[in-house]
Structures are given as structure tokens and as C-alpha cells.
Protein chains: 2
Amino acid sequence: MTIRLLLVDDHAVVRSGLRMLLESEPNLEIVGEAGAAQDALRLVELLQPDLVLMDIGLPDASGIDTTLAIKQRWPAVAVVALTIHEDEEYFFRMLHAGASGYVPKRAAPEELLTAVRTAAAGEVYLYPSLAKLLVQDFVAGARPAQAEALSGLTEREQEVLAYLAEGSSNLEIAEALTISPKTVARHRENIMAKLNLHSRTDLVKYAIRKGIIQP
Amino acid sequence: MTIRLLLVDDHAVVRSGLRMLLESEPNLEIVGEAGAAQDALRLVELLQPDLVLMDIGLPDASGIDTTLAIKQRWPAVAVVALTIHEDEEYFFRMLHAGASGYVPKRAAPEELLTAVRTAAAGEVYLYPSLAKLLVQDFVAGARPAQAEALSGLTEREQEVLAYLAEGSSNLEIAEALTISPKTVARHRENIMAKLNLHSRTDLVKYAIRKGIIQP
DNA sequence: CGCGGCCTGGGGTGAATCACCCATGCCAGG
DNA sequence: CCTGGCATGGGTGATTCACCCCAGGCCGCG
């Protein structure tokens with residue numbers, strides 16, 4: 001099976017170079033080129049390629065928005081981002097837009113080919129330095145805090161906060177900790193004052209942000 | 001610079017095969033082998049390798065726990081998981097443990113070598129099918145719902161729910177929607193009944209799970 | 001045309017919460 | 001030794017919550 005590929009980059013020279021590189025590969029056919037977002041969308045509709053190799057910097061619209069538009073209308077079309085941008089910002093936004101691969105232009109030619117083949121197979125190729133960013137985000141996002149200072153809460157206050165965040169009432173917490181409900185209320189007041197929160201629901205959101213509880 | 005590598009797998013035959021494969025590579029030295037978690041930890045301390053190639057299925061302890069132990073004591077040591085497991089479960093747990101690479105045993109030898117070189121360089125190598133899982137988790141985790149049915153809530157109820165989730169009181173919501181506080185209370189009762197929730201804090205957690213609000 | 005669902009309001013009750021006030025021990029650090 | 005932070009309690013009053021009751025108006029659907 002041959003991969004039918006659409007090339008999107010606003011620089012004709014770059015497109016030529018990519019065409020040279022990609023056409024030397026077997027089972028890979030470049031069915032079209034586009035230098036602008038409008039052309040890209042039109043050609044996707046016209047040619048129904050398997051894969052779009054997308055530059056982010058386009059003259060008339062962002063490659064991110066273009067990717068989003070393509071994935072919304074033709075979800076089966078894989079999009080691989082090929083760009084000079086290696087920062088978190090563009091990378092994450094491109095993933096959200098539905099990209100199946102992300103390769104910086106400084107990457108080795110073989111890596112681009114790997115990304116194209118991988119994305120065409122329905123998988124995802126991530127350039128290692130960007131995979132690292134994603135994994136960091138994953139690990140951090142899943143459980144950000146716990147060991148964090150919790151803004152100067154005492155041990156007992158943190159303990160009470162954990163129960164409060166679960167939605168327990170003062171009485172329930174009091175029984176769990178075998179102290180008076182009034183003491184629980186006292187702790188809660190101190191907690192809310194220290195964290196500058198003003199309601200139980202704010203406490204829940206705070207606890208989720210800090211990873212104390214799972215939503 | 002030569003990569004100093006420690007091989008951890010409980011099958012001697014597999015270790016031999018890997019040694020054959022890896023030793024044919026330049027700039028790669030296998031400094032030791034371990035068949036059990038205890039040996040692995042001991043050898044890491046003794047040999048201070050750059051990288052540990054870790055099987056998950058070990059006789060005395062999980063490769064995941066072993067990875068965690070290694071990364072806690074020697075964060076500079078890169079760990080690449082090489083395993084038969086390709087499901088989300090092991091993959092995500094291995095990432096949490098601190099792995100810099102994840103390669104299924106069915107992968108091509110070149111992919112293992114790429115993973116080793118990438119991880120040794122401080123980056124992350126993810127096998128494409130697993131990179132796909134991670135990206136899916138990333139995209140889903142960031143904004144999971146919104147368009148979902150919300151379990152049969154009416155439009156007005158969803159509107160009230162949005163305010164409730166923010167922690168607004170009945171009176172505040174009433175003023176925002178220019179209706180009576182009693183009506184807000186009524187909507188809230190219906191919402192809680194439909195969603196089988198029993199407190200405002202439960203509503204907040206529900207709203208965060210559904211992506212209605214951000215924590 | 002009636003039926004049911006939705007939105008809108010009102011009343012009531014008991015419990016819980018909130019936001020203040022107060023005090024007592026205990027223990028560490030200046 | 002004594003000041004301050006921490007944990008532990010009590011009290012009070014206003015407010016809110018959670019859960020019941022009720023009903024009228026509107027709109028679509030059979």
C-alpha cells in the first residue's frame with residue numbers, strides 16, 4: 001500500500017527539497033503541494049491524501065488551525081507537523097489539534113520518514129525531545145503536588161483539608177479524627193484564611209489542583 | 001562517549017541475545033547483567049551505569065518498583081523499559097516511575113537501539129503505539145467532555161450547574177440569572193437527584209470530571 | 001384537547017455551615 | 001521565663017443547605 005501524501009509549506013524551495021527526499025522512498029507518493037492554508041484544505045478535499053505533512057508557519061493561517069480544520073472534516077487523514085518550532089506551546093497545541101506526529105526541521109531525514117510511516121499506520125511519532133516534554137507534562141499533571149509545602153499549613157490542617165476536600169462534613173471529620181466538631185471548624189477557618197479561600201467548594205478545587213484528591 | 005549499560009531481565013537467554021545485539025554497536029558497553037530486582041539495585045550502586053535496560057517481569061519484585069527505586073536514589077541513571085506488556089496500565093505506571101523509554105519486545109532491534117541512544121542522551125523514546133496512548137491521554141485529559149450529554153440535564157439545569165460548580169451560592173446564581181433563589185434551589189435539587197449527588201462539593205468534583213470547569 | 005415535561009415561584013423544617021467571639025493546655029525558642 | 005504558635009475546645013447568631021410540600025404558565029406531542 002502506497003502512502004498518498006500532501007505537502008504543505010509556504011516555501012517552494014523547502015517543498016522541492018522535501019519532495020526530493022520523500023520521492024526517493026518506496027511506497028510513498030506525493031499527490032500534491034500547498035503553500036497556503038486555503039490551498040491545503042482545498043487539496044485535502046480534492047485529493048483525499050492519507051497524510052498531510054504540515055508546516056506551522058503559513059502565510060494566511062496557522063498550521064495549527066489548518067490541522068484542526070482538516071481533522072474535524074476528515075478525521076482519517078493523518079497530519080504530521082514539520083516545523084522549526086520546538087517549544088512546548090506549539091507542540092501541545094498541535095497535539096490538541098489532532099496531529100499524529102511532530103518533527104522539528106532540524107531532525108534527521110530518516111526521522112521524518114519514520115514519522116510519516118508511523119503516522120500513516122495510525123500510530124503517533126514524537127520527536128524524542130518533545131516526547132520528553134509530553135512525559136513530563138503527564139507525570140506532573142497526574143500528581144503535581146503532595147510533597148509541596150501546601151502554603152504553610154500545619155500537619156493537622158493538612159489532615160483536615162484532606163477530609164474537607166472529599167466533601168466530608170465537620171462532624172464526620174471530627175469522628176474520624178476523634179476530636180470535637182468545633183475544632184474541625186476551627187481548623188477549617190485557619191485553612192481557608194491561610195489559602196485565601198472562602199467556601200467549601202473552593203477548598204475542593206484547591207485540593208484537586210494540588211493533587212490532594214482525585215476529581 | 002560510551003554508554004555504560006546495565007541489563008536487567010530474569011531470562012538468561014534473553015540477556016544473552018540482548019548482549020549480542022547491543023555489543024555489536026559502537027559506543028555502547030554492557031557493564032553488567034542482573035536477573036532480579038535486588039541484584040539490579042546492587043549493581044546500579046556498584047557500577048553506576050548510564051542506563052538500565054529493564055524488564056518489567058522480574059521474579060522478586062516488579063520492574064516498575066525497581067525503576068522507581070533506581071530513579072529515587074540515582075536520578076541521573078536513565079531507565080528504558082523493554083517488555084512484553086503493551087497495555088496502558090504498565091506503560092503509564094512505568095512513566096510515573098521515571099522511565100525514559102518504553103519499547104515492547106516485539107519492536108525491531110533498531111528501535112531498541114534508538115531508544116537506548118535517545119534515553120542516554122537525556123531524552124525520551126516512546127514506541128509509536130504507546131506514544132499514541134499518551135497523546136490520547138493528553139488530549140482527553142485536558143478537556144474530556146463538554147459536548148457530552150450531561151446525563152439528561154435540561155439546558156437551564158446545565159446553566160445552573162456551571163454556576164454551582166464555581167462555588168456560587170443560590171442567591172448569587174439567582175441574581176446572575178435574574179430568577180428567584182428558590183428556583184435556583186429547585187434546579188439544584190433536580191440536578192443533584194439526576195446525577196445522584198448529595199452535596200455541593202460532590203457537584204464540584206463532578207463538574208471537574210466532566211470538564212465543565214477547570215480546577 | 002389533555003398529558004407530561006420544563007421553568008418558574010412560594011412556604012416550611014431541621015440540620016449544617018459560616019464568621020465571629022472566647023479560653024486552656026503544650027511545647028519550643030529567644 | 002515568657003512569648004508565640006499549635007491543637008484543642010465552647011458559645012452565639014446569621015446564613016445557607018438539603019429536602020420536603022405546593023402551583024401556575026408554557027409548549028410540544030399524541
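In what follows, chains are A, B, ... by sequence order, proteins preceding strands, each numbered from 1. We use all heavy atoms of the structure for the numbers below, so side chains are in, but hydrogens, waters and symmetry mates are not.
- A straight line from CD1 of Ile179(A) to P of dC6(D) spans 16 Å, rounded to a whole angstrom.
- Atom CG of Leu197(A) is separated from atom P of dT17(C) by 17 Å (rounded to the nearest Å).
- The side chain of Met192(A) lies closest to dA19(C), out of dA19(C), dA7(D), dT8(C).
- Within 4.0 Å (heavy atoms only), Asn170(A) reaches sugar-phosphate atoms of the nucleic acid but no base atom.
- Looking at residues two or more places apart in sequence or on another chain, you find a ring pair (Phe, Tyr, Trp, His ring centres under 6.0 Å) between Tyr90(A) and His85(A).
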Quick one: side chains of residues 113-130 of chain B, donor-acceptor pairs under 3.5 Å with protein atoms, not counting sequence neighbours, listed by atom name and distance.
residue	atom	partner	partner atom	Å
Thr114(B)	OG1	Glu110(B)	O	2.8
Arg117(B)	NH2	Glu25(B)	OE1	3.0
Arg117(B)	NH2	Pro26(B)	O	3.0
Thr118(B)	OG1	Thr114(B)	O	2.7
Tyr127(B)	OH	Arg106(B)	NH1	3.3

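- With a 6.0 Å radius and a threshold of 12 heavy atoms from other residues, nucleotides or ligands, Glu45(B) has its CD atom at or below the threshold.
- Atom CG of Asn190(B) is separated from atom P of dC21(D) by 13 Å (rounded to the nearest Å).
- Distances were taken from every side-chain heavy atom of Lys182(B) (C-beta onward) to each of dA19(C), dG11(C), dT8(C); the shortest belongs to dG11(C).
- In the set dG10(D), dC22(D), dT8(D), dG10(D) carries the atom at the smallest distance from any side-chain atom of Ser180(A).
- A side-chain contact (heavy atoms from CB on, under 4.5 Å) with Thr67(A) holds for exactly one of Val79(A), Val52(A), Val77(A); it is Val79(A).
- Here the closest non-hydrogen pair linking Asp9(A) and Lys105(A) is OD2-NZ, 3.1 Å.
- The distance from atom CZ of Arg186(B) to atom C1' of dC19(D) is 9 Å, rounded to the nearest whole Å.
- Within 4.0 Å of Arg200(A), counting heavy atoms only, lie sugar-phosphate atoms of the nucleic acid but no base atom.
- Closest to the side chain of His198(B), out of dC19(D), dC7(C), dC17(D), is dC19(D).
- The base of dC20(C) sits with one of its N or O atoms less than 3.5 Å from a complementary donor or acceptor on the side chain of Glu189(A).
- Atom pair Leu177(B):CG and dT8(C):C1' shows a separation of 12 Å (rounding to whole Å applied).
- Between its two ends, the helix from dC1(C)-dG30(D) to dG30(C)-dC1(D) turns its axis by 30°, counting five pairs per end and rounding to 10 degrees.
- OP1 or OP2 of dA18(D) sits under 4.0 Å from a side-chain N or O of Arg188(B).
- Across the protein-nucleic acid pair, Leu164(A) atom CG and dT17(C) atom P stand 9 Å apart, rounded to whole Å.
- Counting only heavy atoms from C-beta on, His187(B) has its side chain closest to dC7(C) among dC7(C), dG9(D), dC21(D).
- Within the 4.5 Å cutoff, side-chain heavy atoms of Tyr102(A) are placed close to those of Thr83(A).
- Checking Glu157(B) against Leu171(A), the closest nucleotide of DNA chain C that is more toward the 5' end is the one next to Glu157(B).
- The interatomic distance linking Asp202(B) (CG) with dA18(D) (P) rounds to 9 Å, in whole Å.
- OP1 or OP2 of dT8(C) sits under 4.0 Å from a side-chain N or O of Arg156(B).
- What separates CD of Glu155(A) from P of dA28(C) is a distance of 14 Å, to the nearest Å.
- Listed candidates were dT8(C), dG11(C), dA7(D). Nearest to the side chain of Thr183(B) is dT8(C).
- Contact detail for Leu18(A) and Leu7(A): the closest heavy-atom pair is CB-CD2, 4.0 Å.
- Proximity note for Ser199(B) (side chain, C-beta onward) versus dG10(D), dA18(D), dA7(D): the nearest is dA18(D).
- Side-chain proximity of Thr154(B) to the nucleotides dA19(C), dC7(C), dA7(D) is greatest for dC7(C).
- Two residues are said to be in side-chain contact when any heavy atoms from C-beta on lie closer than 4.5 Å; Lys194(B) and Glu157(B) meet this criterion.
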